[in-house]
Amino acid sequence: RTLSDNLALGLGLDWMFGRAKRERLLDFSTENVVNNRENYKSRYSFIRPTFGVLASFKGTNVGFSISMPKTADVEAESNFLSGYSSEETYRLKYPLLWRLGFSRRITQQILIGADIEYEGWEDSDLELGQPVTASNQWRYCVGFELLPATVEEPPLYRQFPLRLGFSQVSYPYKISGSNITERSFSFGTGRYFGNRNGLVDIAFEYLKRGTDLENYPEERVFRVVFSLSAFERWTAPPRRR
């Protein structure tokens, strides 16, 4: 909801649901014990609200959002080949999540932005087995965008926005007290189509994931991210391009 030319409020509802299945065959080496088969099923579903505010003033945008903690009921069911079965319901707490971000137009063609995100998994009741423990998750991001040129017949590379980004995130768990950190570098661009009623974006990312512990592997990943957006008539396309 827009309150003024410089202030807007928002409300989001996340429907979070999942289901997991696992089958395990028990094969005993002794003839006195009969082999068996186990089937496990679990599922959950809940809605979590998010509140946000966006302020804009003289080329600077600042946004803040908060997702409220929510306790979900997880239904678990076990079935055995022998005919024995059991059902239980346990509670899993999803923690508080907040995000803070800003963008600043330096010139008509240069834009910078940054954001920070926090999710407090140490306050949840995750049942993790040693040496794994829950950890608060932090994410830091910074980005730079060079917007298309406004002159007539610009060179091809100035007809598309050029974007550079860096992010660092710590995972929501630790191994033997050591954080798992992921660092990512990205380069991308985008283009409007359909009389500015749609937007296509593509980004190339290189990330490195690892921990300070010895004898643990370090992962290096290259990935391509593609997104396609379509704007309804009541939704104004972003004005910064």
Side-chain angles (χ1 to χ4, degrees), residues 1-18 44-73 91-125 136-148 161 163-170 172 184 186 188-201 203 225-241:
R1 177 67 175 177
T2 301
L3 303 181
S4 68
D5 292 337
N6 305 102
L7 185 65
L9 300 178
L11 169 64
L13 295 175
D14 292 321
W15 179 28
M16 307 183 70
F17 60 92
Y44 67 90
S45 176
F46 67 93
I47 294 177
R48 183 168 70 164
T50 297
F51 303 93
V53 58
L54 176 64
S56 177
F57 183 73
K58 292 184 178 180
T60 299
N61 298 315
V62 179
F64 177 79
S65 68
I66 182 170
S67 298
M68 308 307 296
K70 178 69 175 181
T71 300
D73 291 330
R91 314 202 76 185
L92 176 61
K93 180 181 179 181
Y94 280 74
L96 177 75
L97 167 66
W98 59 260
R99 313 169 187 88
L100 175 65
F102 93 99
S103 66
R104 172 71 178 176
R105 185 187 293 275
I106 305 301
T107 68
Q108 288 296 319
Q109 260 66 53
I110 297 179
L111 189 77
I112 62 172
D115 65 64
I116 181 175
E117 178 180 298
Y118 167 83
E119 196 164 11
W121 282 103
E122 289 185 4
D123 295 329
S124 68
D125 48 5
N136 294 332
Q137 185 173 25
W138 289 92
R139 183 189 301 272
Y140 308 92
C141 306
V142 61
F144 168 87
E145 184 175 41
L146 178 64
L147 301 178
R163 308 177 184 126
L164 296 173
F166 170 78
S167 68
Q168 176 175 305
V169 58
S170 61
S184 174
S186 63
T189 186
R191 187 74 169 180
Y192 282 106
F193 66 90
N195 196 26
R196 295 178 65 86
N197 289 319
L199 177 65
V200 59
D201 285 298
V225 182
F226 176 83
S227 65
L228 180 66
S229 303
F231 305 108
E232 297 285 351
R233 293 182 178 180
W234 49 267
T235 304
R239 295 178 296 174
R240 59 183 177 87
R241 298 187 184 86

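In what follows, every heavy atom counts, from backbone to side chain, and hydrogens, waters and symmetry copies are set aside.
Taking CZ of Phe144 as the reference point, atom CG of Leu111 lies at 9.0 Å (rounded to 0.5 Å). Separation of atoms CD1 (Ile116) and CZ (Phe102) is listed at 12.5 Å; rounding is to 0.5 Å. In this structure, OG in Ser124 is found 9.0 Å from CD in Glu119, a value given to the nearest 0.5 Å. In this structure, CZ in Phe51 is found 11.5 Å from OG in Ser65, a value given to the nearest 0.5 Å. Between atom OG of residue Ser170 and atom CG of residue Asn136 there is a gap of 8.0 Å, rounded to the nearest 0.5 Å.
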**OP:** Just do the side chain to side chain contact (heavy atoms under 4.5 Å, CB included) check on Ile106 and Ile112 with the steps written out, would you?
**Re:** CA-CA 7 Å; Ile106 305 301; Ile112 62 172; 4.1 Å; yes

Original post:
Between Val169 and Gln137, does a side chain to side chain contact (heavy atoms under 4.5 Å, CB included) hold up when you go through it step by step?
Top reply: CA-CA 7 Å; Val169 58; Gln137 185 173 25; 3.6 Å; yes

**OP:** With side chain to side chain contact (heavy atoms under 4.5 Å, CB included) as the test, would you mind laying out the steps for Leu100 and Val62 before giving the verdict?
**Re:** CA-CA 8 Å; Leu100 175 65; Val62 179; 4.3 Å; yes

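Annotation for Arg48 and Met68: closest pair CD-O, 2.7 Å, computed over non-hydrogen atoms. Across all non-hydrogen atoms, the minimal contact from Ser67 to Thr50 is OG-OG1, 2.6 Å. For Arg163 against Asp201, the heavy-atom pair with the smallest separation is NH1-OD1, 2.7 Å. Looking at every heavy atom in both residues, Leu97 comes nearest to Tyr118 through CD1-O, 3.1 Å. Considering all non-hydrogen atoms of both residues, Leu147 and Gln108 come closest at CD1-O, 3.6 Å. Heavy atoms only, all atoms of each residue included: Lys70 and Ile47 are closest at CE-O, 3.7 Å.
Tyr140 and Trp138 have parallel rings, their planes meeting at less than 30° on a 0 to 90° scale where 60° marks the start of perpendicular. Aromatic ring orientation, Phe46 versus Tyr94: tilted (interplanar angle from 30° to 60°).
In this structure, Phe57 places its CZ atom where only 12 or fewer heavy-atom neighbours from other residues, nucleotides or ligands lie under 6.0 Å away.
For the pair Asp123/Leu96, no side-chain contact is recorded, criterion being any heavy-atom separation below 4.5 Å from C-beta on.
Between the side chain of Thr189 and the main chain of Pro161, a donor-acceptor pair closer than 3.5 Å is present. For Asp73 (side chain) and Arg91 (main-chain N/O), no donor-acceptor pair under 3.5 Å exists by modelled atom type.
Here Arg1 pairs with nothing under the side-chain hydrogen bond (donor to acceptor under 3.5 Å, both in side chains) rule; sequence neighbours left out.
For residues 54-63, every residue pair satisfying the side chain to side chain donor-acceptor pair (under 3.5 Å) rule, not counting sequence neighbours, is listed here: Ser56-Asn61, Thr60-Arg104, Asn61-Ser103.
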